[in-house]
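Only this structure's heavy atoms are used, side chains among them; waters, hydrogens and symmetry mates stay out. The chain is numbered in sequence order, starting from 1.
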Amino acid sequence: MRFTAKLMAIYLAIAVIVTGVNAQDEFADTVIWGGPIYTADDANPEVEAVAIKDGLFVYAGPRGGAQSLVGEDTTVLSLDGAALFPGFVDAHAHLSGIGERELTLNLEGTLSVSDFAARVSAWREAHNDDVMVGRGWIETHWPEKRFPTRWDIDDVVADIPVILGRSDGHALVANSRALELAGITGDTEAPFGGEIIKNALNEPTGILIDAAMDMVSGLIPEADASRISEAIKVGGEVYARYGWAGLHSMSVGWNEVLAMESLSETGDLGIRVYNSVNPGDAQNLFDGGARSSSSGTIVTRAIKMYVDGALGSRGAALLAPYSDADTHGLITIKEAEALPVMEQALRSGIQMNIHAIGDRGNRQLLDWYEQIFNKVDSADRAIVEPRWRIEHAQIVHPGDIPRFQSLGVIPSMQPSHAIGDLHFAPDRLGDERLVGAYAWQSLIASGVIVPGGSDAPVERGDPLIEFYAATARRDLSGFQGENWHAEEAVSREDALKMFTLWPAVAAFAEAEQGSITVGKKADLTAFDIDIMSVDETDIPKGRAILTMVDGKVIFIDQASAD
């Protein structure tokens with residue numbers, strides 16, 4: 001893909017009034033054409049050209065109409081066959097975590113326990129850390145078929161605390177030094193909502209699940225303002241490069257909110273962010289209400305909580321025991337703690353975006369939502385349509401699927417979880433519970449939207465992998481497996497909305513974002529392939545070549561621009 005005349009302005013002596021432009025002789029700031037353009041607007045689904053003025057779309061239609069908007073100061077971009085879309089939005093990710101993945105030991109792609117130990121050893125040799133921190137291992141495909149242990153780490157690093165998170169963020173492994181400093185022994189009891197894994201000799205193995213992870217978190221140096229800003233800035237750069245124009249950032253601390261707002265004002269954070277804060281910061285929203293940066297790109301109006309853990313670490317709460325272990329998983333919050341926050345949020349117009357993965361966790365949360373909705377009359381709500389969400393909604397009992405629509409609850413789901421989990425979920429659940437698992441199409445057919453995300457840094461965070469996962473429902477090698485319910489894959493048209501229009505709806509922003517529609521904000525993503533028509537196996541092979549927010553370029557592939 002090359003931009004016409006290397007992004008040089010095209011000079012034309014044409015001045016006419018067209019739909020979308022109100023003033024006589026007014027030209028667009030930017031015009032884009034030269035490739036397929038998909039709008040995610042059912043009234044005008046595919047166009048030949050778009051025009052942007054003052055950060056808004058002022059035209060979307062045939063090329064001739066856009067040509068009449070080109071003046072001497074108009075920048076004209078030719079896609080040269082690349083495909084253009086509304087700005088892709090990751091509806092569930094962790095912005096600072098994406099940055100930290102780049103700044104700490106990244107264990108993604110670890111192949112075995114021995115590979116895990118080798119990477120830990122190599123990091124120790126290259127860095128003079130007082131505490132080693134990392135994340136990204138996942139053991140389900142390792143030949144050893146087990147979690148790593150503290151002894152695996154002790155063999156290579158024993159002199160400093162080592163704390164390494166599983167990819168899902170719901171389990172970690174710590175070495176003996178870390179357990180010693182945290183006071184964790186065979187006699188230590190796990191806190192509510194957590195588990196300390198012990199062996200047959202009652203020795204802690206180093207694996208801590210969900211709430212038990214907090215027992216060693218105090219050993220990790222608290223990030224100062226500079227580190228928080230660095231992680232956010234790096235995370236934003238990574239995401240713009242992937243082609244994300246925005247993301248819904250989850251489990252955000254208030255200091256992160258302030259850092260995002262500041263970075264947005266200085267131009268160091270170009271992507272659009274919709275924040276869900278930690279419960280400990282909920283009072284800030286109750287006292288001050290939803291807030292937005294002066295740039296309008298950083299919005300904070302939601303609270304993130306957890307009902308259960310994750311499937312891979314067997315913390316997701318199930319109605320029946322796991323098929324491969326004697327446990328039902330974990331409910332991680334008490335009703336007496338959760339419901340008062342929910343009630344105040346409903347009265348205050350603050351959105352609740354709550355993590356639930358297992359079928360028991362999802363049913364519990366639907367019950368709680370229904371209880372609060374029935375308790376607080378619409379006249380006592382700040383907004384009648386609260387648009388509360390369940391984040392993940394991975395394993396839902398089929399009988400509970402219609403409840404999302406009847407309650408007005410949005411299932412916010414991450415397609416890549418399904419193409420990773422397919423290698424272990426059948427063992428965790430058994431075949432019967434795969435009905436209702438990662439049930440995107442069933443939920444859409446029931447009448448709800450399904451905003452799509454990645455949960456990065458749990459997953460890589462590549463929008464093309466997410467789009468592929470949603471439409472192919474196969475792993476990157478093409479494997480699907482038996483009883484993985486291929487019928488739950490979605491159409492490409494719906495997948496496009498999962499990452500454009502539906503995240504906007506889930507953030508109360510569909511009037512101004514989410515589609516290429518005249519009057520909406522000019523957020524755009526261009527890929528070097530047409531994901532609406534190429535063979536599905538080619539979708540993950542593409543790359544982003546342009547990302548725009550409010551009509552401003554926040555990423556451009558220089559190889560394509562030269």
Q | Stepwise side chain to side chain donor-acceptor pair (under 3.5 Å) check, S251 with Y306 | A | CA-CA 10 Å; S251 303; Y306 293 83; 3.0 Å; yes

Q: Check salt bridge (Lys or Arg N to Asp or Glu O under 4.0 Å) between R360 and all other residues, then give those that pass, not counting sequence neighbours.
A: none

Q) Without hydrogens or angle criteria, can the side chains of R460 and Y242 be said to hold a donor-acceptor pair below 3.5 Å? A) yes

Q: Can you tell me which residue pairs pass the salt bridge (charged side-chain N to carboxylate O under 4.0 Å, His left out) test with a partner in residues 405-426, sequence neighbours excluded?
A: none

Q. Are E488 and S442 close enough that a side-chain donor and a side-chain acceptor fall under 3.5 Å?
A. yes

**Q.** Distance-only polar pair, side chains of N362 and H397, donor-acceptor under 3.5 Å
**A.** no

Q) Among pairs that include at least one residue of residues 525-550, which meet ring pair (Phe, Tyr, Trp, His ring centres under 6.0 Å), considering only residues two or more places apart or in two chains? A) F85-F527, F88-F527

Q) Is the NZ or CZ atom of R473 positioned over W440's six-membered ring, under 6.0 angstrom from the centre and within 45° of the axis? A) yes

Q | Non-neighbouring partners of E237 that pass salt bridge (Lys or Arg N to Asp or Glu O under 4.0 Å), sequence neighbours left out | A | K233

Q. Side-chain donor-acceptor pair under 3.5 Å between E256 and S96, yes or no?
A. yes

**Q.** Flag for H248-D90: side-chain donor and acceptor within less than 3.5 Å
**A.** no

Q) Going by distance alone, is a donor N or O of one side chain under 3.5 Å from an acceptor N or O of the other, for S454 and Q414? A) no

Q) Does the side chain of Y322 come under 3.5 Å of the side chain of D427 through a donor N or O and an acceptor N or O? A) no

(Q) The criterion is salt bridge (Lys or Arg N to Asp or Glu O under 4.0 Å); which residues satisfy it with E102, sequence neighbours excluded? (A) none

Q: Starting from the C-alpha separation in whole Å, work towards a yes-or-no answer on side chain to side chain donor-acceptor pair (under 3.5 Å) for D41 and T517.
A: CA-CA 7 Å; D41 182 345; T517 304; 2.8 Å; yes

**Q.** Distance-only polar pair, side chains of S264 and T297, donor-acceptor under 3.5 Å
**A.** yes

Q: Determine, using ring centers only, whether H170 and H355 are less than 6.0 Å apart.
A: yes

**Q.** Residues H92, N353; criterion side chain to side chain donor-acceptor pair (under 3.5 Å); working and verdict
**A.** CA-CA 10 Å; H92 183 115; N353 298 335; over 6 Å; no

Q: Kindly indicate whether a cation-pi arrangement holds for R301 with F508, taking the cut-offs as under 6.0 Å to the six-membered ring centre and within 45° of the axis.
A: yes

Q.
Between D115 and R119 (salt bridge meaning N to carboxylate O under 4.0 Å), is one present in this structure?
A. yes

Q. Quick one: salt bridge (Lys or Arg N to Asp or Glu O under 4.0 Å) partners of K497, sequence neighbours excluded?
A. D42

